[in-house]
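Worksheet: the structure to be examined is printed underneath.
Quick caveat: nothing in here was measured; it's all calculated off a predicted structure.
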Amino acid sequence: MIASHVPIPHDPVERIRALRVLREVYRRGKRPSLEVTYRTVNGSTCGPYYVARWRRDSRFKHGRTLYLGKPENESVRFTEWLVSLDRGEVLELARHLMRNLRSVLKTLLTEVSSLPYKKARRVLARGLVLTFDARPSNSPRIRDLLEELPDRLESFAVRTLGGWPAHYSSYLRKVIHGRKPISRRQRAASLRRTSSPPTAEE
């Protein structure tokens, strides 16, 4: 298990965001920079939003940007803590997490093999959330384990651990919880209904 002083996110999607950052640290052998970005939507500027960014270098022809979202997101605080550490500490944590991830994937292979796709996808996503709590494993490489998954699950796992398109976090939250998260508008409407006087039928 990871040491208690590590600010591990509580939200499952934020945990996977933090896991993605550490996987890229492991792959590139260096810490990201934590940067602020803004978006323009219909002529209006939105933000700030945070990203973890790796520039291209002699080993990698292309840089990498992982979207973390709003300043209050737990993955932003985690990455802010991560970049404050020495490079050796960051790499050691990344190596530990990748051993954990191998252990999780190896366990999940037997669990998801006979499940329908949607249920298997949910089990896989929830398993990834537990990577911070897993025991390290010396099982085969992560890439090899991913390739043992059925094709659709492999695509889902690769996408979840890699680059996210817009709104993927909302989709992932739905996968993990098995239902569409209630919006603020729906929550407000629900509160109005519960606070209104009972009707004759009630």
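- Residue His177 comes nearest to Pro12 through the heavy atom pair NE2-CG, 4.1 Å, listed as atom of the first residue, atom of the second, then distance.
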_Verdict with supporting geometry, Phe156 and Leu124, side-chain contact (heavy atoms from CB on, under 4.5 Å)_ = CA-CA 9 Å; Phe156 169 74; Leu124 181 56; 3.8 Å; yes

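- Take Pro165 and apply the side-chain contact (heavy atoms from CB on, under 4.5 Å) test, not counting sequence neighbours, and it matches Arg159, Tyr168.
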*Determine, step by step, whether Phe78 and Glu14 satisfy the side-chain contact (heavy atoms from CB on, under 4.5 Å) criterion, reporting the C-alpha distance in whole Å, the side-chain angles of both residues, the deciding distance to 0.1 Å, and the verdict.*
CA-CA 9 Å; Phe78 175 84; Glu14 292 298 296; over 6 Å; no

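- Scanning both residues, Ser75 and Ala18, for their nearest heavy atoms gives CB-N, 4.4 Å.
- Arg121 contributes atom CZ, which lies 11.0 Å from atom CD1 of Ile176 (distance to the nearest 0.5 angstrom).
- To the nearest 0.5 Å, the span separating OG on Ser103 from CG on Asp133 amounts to 11.5 Å.
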*Start with the C-alpha gap between Arg173 and Asp11, add the side-chain angles, then the distance that decides, and say whether salt bridge (charged side-chain N to carboxylate O under 4.0 Å, His left out) holds.*
CA-CA 10 Å; Arg173 188 164 278 110; Asp11 179 82; 2.9 Å; yes

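- Under the 4.0 Å criterion applied to side-chain N and carboxylate O atoms, Glu80 and Arg77 are not assigned as salt-bridge partners.
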Just distance, no hydrogens or angles: give the donor-acceptor pairs under 3.5 Å from side chains in residues 19-30, sequence neighbours left out.
residue, atom, partner, partner atom, Å
Arg20, NE, Gly162, O, 2.8
Arg20, NH2, Gly162, O, 2.8
Glu24, OE1, Arg27, NE, 3.4
Glu24, OE1, Arg64, NH1, 3.0
Glu24, OE2, Arg27, NE, 3.4
Glu24, OE2, Arg27, NH2, 2.9
Glu24, OE2, Arg28, NE, 2.6
Arg28, NH1, His62, O, 3.3
Arg28, NH2, His62, O, 3.0
Lys30, NZ, Asp57, OD2, 3.0

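- Contact detail for Pro7 and Trp81: the closest heavy-atom pair is CD-CD2, 3.4 Å.
- For the side-chain contact (heavy atoms from CB on, under 4.5 Å) criterion with Phe132, the lone passing option out of Leu97, Asn100, Val104 is Leu97.
- Linking Ile, Leu, Val, Met, Phe, Trp and Tyr whenever their side-chain heavy atoms come within less than 4.5 Å leaves Leu109 and Leu130 in two separate clusters.
- By the side chain to side chain donor-acceptor pair (under 3.5 Å) test, Glu35 pairs with Ser33, Arg53, Arg55, sequence neighbours left out.
- Cluster membership for Val41 and Val36, using ILVMFWY side-chain heavy atoms within less than 4.5 angstrom, is not shared.
- Between the Thr110 side chain and the Lys106 main chain, no donor and acceptor come within less than 3.5 Å of each other.
- Below 30°, between 30° and 60°, or above 60°: for Tyr67 and Tyr49 the angle between ring planes is between 30° and 60°, a tilted geometry.
- To the nearest 0.5 Å, atom CG of residue Leu108 and atom CG of residue Leu145 are 10.0 Å apart.
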*asked:* I'd like to know whether Leu101 forms a side-chain contact (heavy atoms from CB on, under 4.5 Å) with Met98, so could you lay out the CA-CA distance, the side-chain angles of the two residues, the decisive distance to 0.1 Å, and finally the verdict.
replied: CA-CA 5 Å; Leu101 180 57; Met98 292 310 100; 4.2 Å; yes

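- Pro71 and Pro48 get closest at one heavy-atom pair: CD-O, 3.5 Å.
- By the criterion of side-chain heavy atoms lying less than 4.5 angstrom apart, applied directly or through intervening Ile, Leu, Val, Met, Phe, Trp or Tyr residues, Val175 is grouped together with Val123 in one hydrophobic cluster.
- With rounding to the nearest 0.5 angstrom, the CG atom of Leu82 is 10.0 Å from the CD atom of Glu89.
- Atom CZ of Arg143 has more than 12 neighbouring heavy atoms from other residues, nucleotides or ligands inside a 6.0 Å radius.
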*Hey, mind stepping through Leu34 and Leu68 against side-chain contact (heavy atoms from CB on, under 4.5 Å) and telling me if it holds?*
CA-CA 9 Å; Leu34 183 63; Leu68 303 176; 3.7 Å; yes

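- The OG atom of Ser84 lies 8.5 Å from the CZ atom of Arg31; values are rounded to the nearest 0.5 Å.
- Each of Val51 and Val90 belongs to its own hydrophobic cluster when Ile, Leu, Val, Met, Phe, Trp and Tyr are linked at side-chain heavy-atom distances under 4.5 angstrom.
- Atoms CZ and OG1, from Arg17 and Thr160 in turn, are 12.0 Å apart once rounded to the nearest 0.5 Å.
- Under the 4.5 Å side-chain contact rule for hydrophobic residues, Leu91 and Val83 do not share a cluster.
- Looking at heavy atoms from C-beta onward, Pro32 lies in side-chain contact with Thr79 at the 4.5 angstrom threshold.
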